[in-house]
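Worksheet for the structure shown next.
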Amino acid sequence: MRKLFLLLSVCTAGMVQGQKIADPKPFANTITEADLKTHLYIVASKDFEGRETATEGQRKAAAYIENHFRSLGLLPGAKDGYQLFYPVFQDSMTGSGITINGHAFTPDQDFYANPATNYTATLLGGDVVFAGYGISDSTRDDYKGLNVRGKIVLVLNGQPNNGQAAAPTGRGRRGFNLFAKQDAAQKNGAAAVLVIQSGFPRKPGSPKGNMNLNGFKKINYPNTFYISDKVGEAIMGADYAAAVKSATPQAKPYTADVELSFSKTVLQLHSSDVLGFLEGTDLKDQIVVLSAHYDHLGKRDTVIYYGADDDGSGTVTILELAQAFAKAKAAGKGPRRSILFLANSGEEKGLWGSQYYSEHPTYPLDHTTVDLNIDMIGRIDPNRKKGDSTNYVYVVGDDKLSSDLKPISEGQNKKYSKLELDYKFNDPTDPERIYYRSDHYNFARKGVPIIFYFDGIHADYHKPSDTPDKINYDIMAKRAKFVFYTAWEMANRNDMLKRDIPLN
């Protein structure tokens, strides 16, 4: 009996190891231009308002994706449903003021305070120290010999260039990292920072600051105010005109009654990733992740940034991939490994959604064989001067982390898709640093092998003109099928992908 049992066990194992992978073509062919177009005209529509993270437009998009996953019979991929929620913090300024020697200056006319970098406080100071450009690094130290502890520091914006004074710069066009100036002021004990800047009066902006994934800052810099010439002159008097024109301005203390006030509230919002799960068969404890980000830039005033290519194209491809695999399972030819369809939010804010998932995975990352990430596959790169521009895709990351990736990718392409696989952005010296700029990176940094599919930067990138009518649906469908074929092989092969290349 024991010998017979062993023989049966060996035969069964051999059948599992040697089982033939079903033909993926019938299911790949369910991915169509028409379906992609239908989804994209909804996802990148006016109703979704550009899908900015933690806004109503993003929540509408999340609901649309969830409903699609639900309609396919996918299981909820998060512990409490289809959506994995994470907190988002946003500062909202409620007031700011500068008064010098009894004269009150006007916000936006004379000064501006950034709600993201300041905290609620009122400071009354009698000493102001002009510290030149406020630079303290290996090349120069504008604080040398100065005592600014507990005092207000006044600095010029930017940095001198080749012995010339810094050119005037408007808000948002800083010639030197502001945080470096704040850091130098803080390390020298300054209580607040005034930065002289051009561009006043300025158009009033939103009182809301940038969103943050963590509302609890590791470093709180001194409150910082951008000030106009009028404010600078009120402190420095006759010295002001010469100081702003000099590459080596003379540091000097000034006596003035200065009141700086700033107040804000911190709004705690939330956003979510949408997770649909298709359970595998004999290798169901191993996971293939197919990901794309569904957020975009939202709207500015009444102008909507539609984000059809970035990354509506990836989002709707995930919807079609989910449909194709669901149909395969319904036909009794479902994948051996489980597949997680992961639609991330927060990518445009700094890869937030994928970061949150990688820190709070619902399925173990050491059982995740690969992440195939799709971010912009609906357009043609106008800067690509070689090959067939109507039949290519940029493949990024297939030469990293696993030596299995490239042979599988190229093998599936040769067998089915016959696209030109362009490896331009695999170059570690690529100035665009594309490898680090989408959600796959948060899997890669955890050691999970990845491939990133991309079409290149075009003239409508991050502009309101990135609309569904400009998508090349034929090449988009072909790229989507290529991802499907690659995922099919990775979901059905005997072994998980090797992790044999060290993470750089």
Side-chain angles (χ1 to χ4, degrees), residues 96-114 117-118 123 125-202 221-260:
S96 63
I98 294 180
T99 300
I100 298 175
N101 296 326
H103 177 75
F105 290 90
T106 305
D108 295 317
Q109 298 295 311
D110 304 309
F111 72 93
Y112 166 74
N114 187 339
T117 57
N118 287 359
L123 183 149
D127 287 332
V128 180
V129 179
F130 175 62
Y133 285 94
I135 297 172
S136 181
D137 57 22
S138 59
T139 62
R140 60 186 289 162
D141 185 3
D142 292 339
Y143 286 94
K144 187 176 182 179
L146 296 182
N147 177 16
V148 302
R149 189 162 301 279
K151 300 178 182 180
I152 299 169
V153 167
L154 174 65
V155 300
L156 299 172
N157 193 20
Q159 61 182 337
N161 182 31
N162 295 326
Q164 301 295 316
T169 53
R171 184 175 64 92
R173 298 188 301 278
R174 293 183 280 275
F176 188 83
N177 189 329
L178 171 65
F179 294 113
K181 291 180 186 277
Q182 290 177 309
D183 188 59
Q186 182 183 59
K187 287 179 178 177
N188 283 277
V193 182
L194 303 177
V195 182
I196 297 167
Q197 192 172 67
S198 63
F200 290 100
R202 63 186 286 277
Y221 289 111
N223 274 0
T224 301
F225 296 77
Y226 299 98
I227 63 172
S228 67
D229 293 332
K230 287 172 61 177
V231 181
E233 289 171 352
I235 296 171
M236 298 178 66
D239 295 341
Y240 179 80
V244 297
K245 295 179 181 179
S246 174
T248 56
Q250 185 66 43
K252 185 177 178 180
Y254 293 88
T255 299
D257 293 334
V258 179
E259 178 179 346
L260 304 175

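Positions are given from 1 along the sequence. Excluded from the calculations below are hydrogen atoms, water molecules and symmetry mates; all remaining heavy atoms, backbone and side chain alike, are included.
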(message) Quick one: does any side-chain atom of Asp108 pair with a main-chain N or O of Pro201 as donor and acceptor, under 3.5 Å?
(response) no
(message) Going by side chain to side chain donor-acceptor pair (under 3.5 Å), name the residues that satisfy it together with Asp183, two or more places apart in sequence or in a different chain.
(response) Lys187
(request) Mind checking the OH-CG spacing from Tyr254 to Leu154? Nearest 0.5 Å is all I need. (result) 8.5 Å
(message) Quick one, Ile196 and Asn157 - any side-chain contact, counting heavy atoms below 4.5 Å?
(response) no
(request) Work out which heavy atom in Pro222 is nearest to a heavy atom in Gln186; give both atom names and the distance. (result) CD-CB, 3.8 Å
(request) Measure the spacing between CG of Asp137 and CD of Gln159 and express it to the nearest 0.5 Å. (result) 8.0 Å
(request) Indicate yes or no for a side-chain donor-acceptor contact from Thr248 to the backbone of Ser246 under 3.5 Å, with no hydrogens or angles considered. (result) no
(request) Please report the closest heavy-atom contact between Pro107 and Ser96, naming both atoms and the distance. (result) CG-O, 3.8 Å
(request) Look up atom CD in Gln197 and atom CD1 in Ile227, then write down how far apart they are to the nearest 0.5 Å. (result) 10.0 Å
(message) So Val193 and Asn223, do their side chains get closer than 4.5 Å, heavy atoms only?
(response) no
(request) Could you tell me which residues satisfy side-chain contact (heavy atoms from CB on, under 4.5 Å) with Asp142, sequence neighbours excluded, listed by chain and number? (result) Tyr133, Ile135, Arg140
(message) If I compare all heavy atoms of Thr224 with all of Gln182, which pair ends up nearest, and what's the gap?
(response) OG1-NE2, 2.8 Å
(request) Taking the side chain as every heavy atom from C-beta outward, state whether Ile152 and Leu260 have any pair of such atoms under 4.5 Å apart. (result) yes
(request) Kindly assign one of parallel, tilted or perpendicular to the pair Tyr221 and Phe179, based on the angle between their ring planes and the thresholds 30° and 60°. (result) tilted
(message) Please report the interatomic distance OG(Ser136) to NZ(Lys144), rounded to the nearest 0.5 Å.
(response) 11.0 Å
(message) Minimum heavy-atom separation for Gly134 and Val155, please, with both atom names.
(response) CA-CG1, 3.6 Å
(request) From the options Val153, Ile100, Ile235, select the one residue that forms a side chain to side chain contact (heavy atoms under 4.5 Å, CB included) with Val128. (result) Ile235
(request) Using atom types as modelled and distance alone, determine if a side-chain donor or acceptor of Lys181 lies under 3.5 Å from a backbone N or O of Gly158. (result) yes
(request) State, yes or no, whether a side-chain contact exists between Tyr143 and Val148 at a heavy-atom distance under 4.5 Å. (result) yes
(request) Check Ala191 against Leu123 and note the closest heavy-atom contact, atom names and distance. (result) CB-CD1, 3.6 Å
(message) Can you tell me how far apart CZ (Phe111) and CZ (Phe105) are? Round to the nearest 0.5 Å.
(response) 9.5 Å
(message) Please check this pair: side chain of Asn101 against backbone of Asp257, looking for a donor-acceptor N/O pair closer than 3.5 Å.
(response) yes
(request) Write down the atom of Asn147, the atom of Arg149, and the distance for their closest heavy-atom approach. (result) OD1-N, 3.3 Å
(message) Within this structure, what is the CZ-CE distance for the pair Phe130 and Met236, rounded to the nearest 0.5 Å?
(response) 4.5 Å
